[in-house]
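Worksheet: the structure to be examined is printed underneath.
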Amino acid sequence: LDGDDDDVENAGTDAGGCGALTRHPPHIPYNPKTHVHSKPPYSFSCLIFMAIEEAALKRLPVKDIYQWIVTHFPYFQNAPTGWKNSVRHNLSLNKCFMKVDKERGHNIGKGSLWMVDPDYRPNLLQALRKTPYHPYSQLHILQNSCNSQGSSIGPMKPLPLAPRPNVNVPSPGLFLALRQKIWQLHLRGRC
DNA sequence: TACCGTCTAAACAAAT
DNA sequence: TATTTGTTTAGACGGT
Ligand SMILES: [Mg+2]
């Protein structure tokens, strides 16, 4: 039904080098909507994680994971075929992701729903924390820009980095909103 | 050097 | 029957 798997991509060499298959450089501000030729600086595990976390019920079928990824990271609209294979491969092999038990009764089309194994959710959060442009690695930008024009005080508050009774405190769902905010500040030349 | 996480390809089976 | 979904093996790569 969905005519995906569109190829017709770069035929072979790309002279300049900055063609499609390049991971986005860590030091340049990244916007998934505009940098459609850079591979997002997130692993498939992180992408899947964010997709599931933003789902109301924290569960998604494979197809919806695809959809979340392409809408939030348009790079994949024209990415070389194979990334869906990688998604499925990751879901299956990565212990952080598990299928929801096929509940008798209501079934959602094909396949199963996928969820994050609560025991391994901290692992995914840690992985996400280590990526660029994650709230935890970018919050200082918001802080140093939005406030203070005159305060000569340095570092301000150390930031709420961490510990927390965690569990589901640092919502990765906030990630995109925060990243957007940071991006806007960047465009205004304030950080 | 080994190990780990990651990515990509591919073979294959099962479900639909 | 064809497509989708899921599992598995294999190899490559960069970082620790
Ligand atoms: Mg799994």
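Computed from a predicted structure; not experimentally measured. Letters A, B, ... mirror the listed sequences (proteins, then strands); counts begin at 1. Heavy-atom basis, side chains included; hydrogens, waters and symmetry copies ignored.
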Close side-chain approach of A/I69 to A/H72, heavy-atom, < 4.5 Å: no
Between A/K84 and A/Y66, is NZ or CZ placed under 6.0 angstrom from the six-membered ring centre and within 45° of the ring axis? yes
May I have the distance from A/I65 (atom CD1) to C/dT4 (atom C1'), rounded to whole angstrom? 14 Å
Could you say whether A/K110 or A/W83 is positioned toward the 5' end of DNA chain B, judged by the nucleotide with the nearest heavy atom to each? A/W83
For C/dT7, does either OP1 or OP2 sit under 4.0 Å from a side-chain N or O belonging to A/K99? yes
Return the value, rounded to whole Å, for the distance between atom NZ of A/K84 and atom P of C/dG6. 14 Å
Rounded to the nearest Å, what distance is computed from the NZ atom of residue A/K130 to the C1' atom of nucleotide C/dG15? 11 Å
Results of ring pair (Phe, Tyr, Trp, His ring centres under 6.0 Å) for A/F44 - residues two or more places apart only: none
With heavy-atom distances below 4.5 Å as the criterion, would you say the side chains of A/K58 and A/V116 are in contact? no
Please confirm whether the shortest side-chain N or O distance from A/S92 to OP1 or OP2 of C/dG6 is below 4.0 Å. no
Is A/Y66 touching bases, backbone alone, or none of the nucleic acid, heavy atoms closer than 4.0 Å? sugar-phosphate
So, using side chain to side chain contact (heavy atoms under 4.5 Å, CB included) as the criterion, who are the partners of A/S45 when residues are at least two apart? A/S43, A/N90, A/N94, A/F97, A/L124
From C/dT5, C/dT8, B/dA10, pick the nucleotide closest to the side chain of A/N85? B/dA10
Protein-nucleotides 2-7 of chain B N/O pairs under 3.5 Å:
residue : atom : partner : partner atom : Å
B/dC7   : OP1  : A/R23   : NH2          : 3.1
B/dC7   : OP2  : A/F44   : N            : 3.2

Roughly how far apart are A/L60 CG and A/Q67 CD, rounded to 0.5 Å? 11.0 Å
